[in-house]
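In what follows, a single structure is set out as structure tokens and then discussed.
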Amino acid sequence: MTISQLSRKNIQALTPYQSARRLGGKGDVWLNANEYATSPDLNLQNRTFNRYPEAQPQKLIEHYAAYAGVKAENVLVSRGGDEGIELLIRAFCEPEQDTILYCPPTYGMYAVSAETCGIQSKTVPLTADFQLNLAEIEKNLEGVKVVFVCSPNNPTGNLLKRADLVALLEMTRDRAIVVVDEAYIEFCPQATMANELANYPHLAIIRTLSKAFALAGLRCGFTLANPELINVLQKVIAPYPIPVPVSDLACQALDSNGLAAMHNRAEEVLQYRTWLINELQPLPIVEQIFSSEANYILVKFQNGTNVFNTLWDQGIILRDQNKALGLSNCIRITIGSEQENRRVIEAVRAISAK
């Protein structure tokens with residue numbers, strides 16, 4: 001018997017999440033992972049490495065609670081938003097009994113985390129305009145313990161209608177946990193569902209420092225929820241999930257200077273996003289640019305595979321969405337630096353001119 005055959009059956013069949021780094025590429029323009037183009041200049045202050053860190057660093061919790069407009073008891077910090085996703089599945093779903101539900105096209109980790117935990121998934125595709133199909137969701141709630149939705153949605157970029165999110169929370173009350181993934185909320189802060197926590201004890205919100213905070217390499221995320229739900233997650237999270245350097249640097253990113261820098265980055269991204277859309281729109285090979293409230297745009301080309309491969313060969317690494325549900329010939333483009341965005345436009349113009 002091989003080592004692989006000794007692994008769990010569901011793991012043998014598992015196709016891992018195809019992250020940007022796993023997909024590789026040899027480029028000098030990396031616009032495939034929704035990262036910020038440059039790194040903040042932070043210096044480590046806490047150098048107490050001989051002791052285990054706090055299970056939930058209180059200073060970091062308080063900083064993020066103040067930023068998010070919630071109480072400290074509403075915050076759990078984790079190793080990126082991805083750990084928060086997995087914790088919710090592990091805490092609330094019984095293997096081979098319960099299911100999760102998500103709405104493609106959307107973030108791929110919901111399905112991968114569920115499969116890793118031995119949990120089945122149900123899917124209810126988004127509508128043609130990338131909104132929730134509430135009627136179909138309601139029909140498919142039997143056996144569902146956790147519903148994942150993403151707003152702004154990755155990879156489409158659009159916000160889900162707030163009224164639909166509230167309707168989803170109403171239909172799942174006393175039945176399932178609703179997880180709203182707000183990884184990109186800094187680019188449209190008015191759309192957060194955090195102010196609904198008081199009304200819905202089964203609401204959980206996923207946040208991260210990876211996007212507008214420009215700290216993807218730090219792997220620091222948060223779950224916002226009511227205290228009872230947070231206490232459940234505390235039972236399954238690792239005993240020391242947040243290293244001292246992560247907590248230290250994250251607190252700096254959340255102080256007044258760090259928040260001011262984050263807001264400036266977000267505003268810059270919005271300006272560059274508008275410029276990139278305006279430059280792409282007239283090109284004959286561009287069929288559609290979908291509305292975006294995030295730090296990326298989804299573009300449908302006449303021949304998306306050709307565009308993706310041509311730019312890949314030039315060292316411009318984008319994210320191919322051609323195989324995602326309903327996204328034939330679509331490419332997701334992270335908003336990069338001014339120079340990176342110009343490289344994209346020049347490359348696409350060259351293809352258009354042929």
Open item on the list: Distance check, rounded to the nearest 0.5 Å: Tyr110 atom OH versus Ile89 atom CD1?
Closed with: 10.0 Å
TODO: Report, as yes or no, whether the 6.0 Å neighbourhood of atom CD on Gln314 holds more than 12 heavy atoms from other residues, nucleotides or ligands.
DONE: yes
Open item on the list: Would you say that Leu159 contacts Cys188 through its side chain, given a criterion of any heavy-atom pair below 4.5 Å between the two side chains?
Closed with: yes
Open item on the list: I need the Glu186 CD to Leu270 CG distance, nearest 0.5 Å.
Closed with: 11.5 Å
TODO: Without swapping roles, check the side chain of Asn226 against the backbone of Glu228 for a donor-acceptor pair under 3.5 Å.
DONE: no
Open item on the list: So, taking the atom named CZ in Arg207 and the one named OG in Ser78, what distance separates them when rounded to the nearest 0.5 Å?
Closed with: 13.0 Å
TODO: Run the numbers on Ile335 and Leu276 for side-chain contact (heavy atoms from CB on, under 4.5 Å), then give the verdict.
DONE: CA-CA 8 Å; Ile335 308 304; Leu276 191 62; 3.8 Å; yes
Open item on the list: side-chain contact (heavy atoms from CB on, under 4.5 Å), that's the test. Do Glu73 and Ile230 meet it? Break it down for me.
Closed with: CA-CA 8 Å; Glu73 63 187 12; Ile230 294 293; over 6 Å; no
Open item on the list: A side-chain contact here means heavy atoms from C-beta on lying under 4.5 Å apart; do Ile316 and Val344 qualify?
Closed with: yes
TODO: Please report the shortest heavy-atom distance between Ile237 and Leu87, naming the atom on each side.
DONE: CA-CD2, 3.6 Å
Task: Which atom of Leu298 lies closest to which atom of Pro155, heavy atoms considered - done: CB-O, 3.6 Å
Task: Heavy atoms of other groups near Asn50 CG, more than 12 under 6.0 Å - done: yes
Open item on the list: Using 0.5 Å steps for rounding, measure from the CG atom of Leu327 to the NZ atom of Lys300.
Closed with: 9.0 Å
Task: Close side-chain approach of Phe301 and Asn322, heavy atoms under 4.5 Å - done: no
TODO: Kindly say whether Asp164 contributes a backbone atom to a donor-acceptor pair with the side chain of Gln131 at under 3.5 angstrom?
DONE: no
TODO: Kindly determine whether Asn158 and Phe290 satisfy side-chain contact (heavy atoms from CB on, under 4.5 Å), including the steps that lead there.
DONE: CA-CA 8 Å; Asn158 65 292; Phe290 296 91; over 6 Å; no
Task: Spatial distance of atom OG (Ser210) from atom CG (Leu215) [nearest 0.5 Å] - done: 7.5 Å
Open item on the list: Hydrophobic cluster membership, with links at side-chain heavy-atom distances under 4.5 Å among I/L/V/M/F/W/Y: are Val178 and Ile205 in one?
Closed with: yes
Task: Within one Ile-Leu-Val-Met-Phe-Trp-Tyr cluster: Phe187 and Val299, side-chain cutoff 4.5 Å - done: yes
Got a list of side-chain donor-acceptor pairs under 3.5 Å for residues 93-102, not counting sequence neighbours?
unit_1: Asp98; atom_1: OD2; unit_2: Glu94; atom_2: N; d: 2.7
unit_1: Asp98; atom_1: OD2; unit_2: Lys145; atom_2: NZ; d: 3.1
unit_1: Thr99; atom_1: OG1; unit_2: Gly143; atom_2: O; d: 3.2

Open item on the list: Regarding Glu346 and Arg349, does a basic nitrogen lie under 4.0 Å from an acidic carboxylate oxygen?
Closed with: no
Open item on the list: Under 3.5 Å, is there a donor on one side chain and an acceptor on the other for Arg342 and Ser337?
Closed with: no
- [ ] Determine, using the 4.5 Å side-chain heavy-atom cutoff (strictly less than), whether Met109 and Ile177 are members of one ILVMFWY cluster.
- [x] yes
- [ ] Step by step, work out the salt bridge (charged side-chain N to carboxylate O under 4.0 Å, His left out) result for Arg265 and Glu268.
- [x] CA-CA 5 Å; Arg265 281 191 294 270; Glu268 176 192 82; over 6 Å; no
Task: Distance-only donor-acceptor check, side chains Thr106 and Asn153, under 3.5 Å - done: yes
Side-chain atoms of residues 241-264: list all donor-acceptor pairs with protein atoms under 3.5 Å, sequence neighbours left out, distances to 0.1 Å.
unit_1: Asp248; atom_1: OD1; unit_2: Gln252; atom_2: NE2; d: 3.1
unit_1: Asp248; atom_1: OD2; unit_2: Gln45; atom_2: N; d: 2.6
unit_1: Asp248; atom_1: OD2; unit_2: Asn46; atom_2: N; d: 2.5
unit_1: Gln252; atom_1: NE2; unit_2: Asn43; atom_2: O; d: 2.9
unit_1: Asp255; atom_1: OD1; unit_2: Asn257; atom_2: N; d: 3.1
unit_1: Asp255; atom_1: OD1; unit_2: Gly258; atom_2: N; d: 2.8
unit_1: Asn264; atom_1: ND2; unit_2: Ala260; atom_2: O; d: 3.3

TODO: Taking Asn74 for its side chain and Val70 for its backbone only, find out whether a donor-acceptor pair lies under 3.5 Å.
DONE: no
Open item on the list: Checking side-chain polar atoms at under 3.5 Å, does Glu115 have a donor or acceptor matched by the opposite partner on Ser121?
Closed with: no
Open item on the list: Looking at Met193, is its backbone amide N or carbonyl O close enough to the side chain of Glu182 to form a donor-acceptor pair, meaning the two atoms are under 3.5 Å apart?
Closed with: yes
TODO: Say whether Asn34 and Thr334, considering side chains only, have a donor N or O and an acceptor N or O under 3.5 Å apart.
DONE: yes
Task: 4.5 Å side-chain heavy-atom contact, Val179 and Phe148 - done: yes
Task: Path from Leu31 to Val269 over hydrophobic side-chain contacts below 4.5 Å - done: yes
Open item on the list: Atom CZ of residue position Phe49 - does it have more than 12 heavy atoms of other residues, nucleotides or ligands inside 6.0 Å?
Closed with: yes
Open item on the list: Can you give me the closest heavy-atom contact between Gln302 and Pro284, atom names plus distance?
Closed with: NE2-O, 2.8 Å
Open item on the list: One thing to verify: whether Arg343 and Glu340 come together as a salt bridge, which I'm taking to mean a side-chain N less than 4.0 angstrom from a carboxylate O.
Closed with: no
Open item on the list: Side chains of Leu160 and Val149, heavy atoms from C-beta outward: is any pair under 4.5 Å?
Closed with: yes
Task: Glu54 side chain to Tyr240 side chain, donor-acceptor N/O pair below 3.5 angstrom - done: no
Open item on the list: Quick check: closest heavy atoms across Thr223 and Gly84, and the distance to 0.1 Å?
Closed with: OG1-CA, 3.9 Å
Open item on the list: What verdict does the side-chain contact (heavy atoms from CB on, under 4.5 Å) test give for Trp312 and Asp320, after you've listed the backbone C-alpha separation in whole Å, the side-chain angles of each residue and the deciding distance to 0.1 Å?
Closed with: CA-CA 10 Å; Trp312 176 284; Asp320 186 8; over 6 Å; no
Task: Heavy-atom donor-acceptor pair, Lys211 side chain to Ile185 backbone, under 3.5 Å - done: no
Task: Exam field: side chain Arg79 to backbone Gly221, donor-acceptor pair closer than 3.5 Å - done: no
Open item on the list: Measuring only between side-chain heavy atoms, which start at C-beta, is Ser292 closer than 4.5 Å to Arg273?
Closed with: yes
Open item on the list: Taking the side chain as everything from C-beta on, heavy atoms only, tell me whether Pro105 gets closer than 4.5 Å to Phe130.
Closed with: yes
TODO: Following the transitive rule for hydrophobic clusters with a side-chain heavy-atom cut-off under 4.5 Å over Ile, Leu, Val, Met, Phe, Trp and Tyr, establish whether Leu229 and Val77 coincide in one cluster.
DONE: no
Task: Nearest-0.5 Å distance that lies between atom NE2 in His202 and atom OG1 in Thr172 - done: 3.0 Å
Open item on the list: Evaluate Glu62 against Lys59 for salt bridge (charged side-chain N to carboxylate O under 4.0 Å, His left out), listing each step before the verdict.
Closed with: CA-CA 5 Å; Glu62 290 173 355; Lys59 182 179 178 182; over 6 Å; no
Open item on the list: Is the shortest side-chain heavy-atom distance between Ile297 and Leu280 below 4.5 Å?
Closed with: yes
Open item on the list: Tell me the closest heavy-atom pair linking Leu318 and Arg332, and the distance in Å.
Closed with: CB-O, 4.0 Å
Task: Nearest non-hydrogen partners of Leu283 and Ser352, listed with the distance - done: CB-OG, 3.8 Å
TODO: Answer with yes or no after comparing the ring centroid distance for Phe222 and Tyr67 against a 6.0 Å cut-off, counting only values under it.
DONE: no
Task: Lys71, NZ atom: more than 12 neighbouring heavy atoms under 6.0 Å - done: no
TODO: Run the numbers on Asn199 and Glu196 for side-chain hydrogen bond (donor to acceptor under 3.5 Å, both in side chains), then give the verdict.
DONE: CA-CA 5 Å; Asn199 301 320; Glu196 296 290 352; 2.9 Å; yes
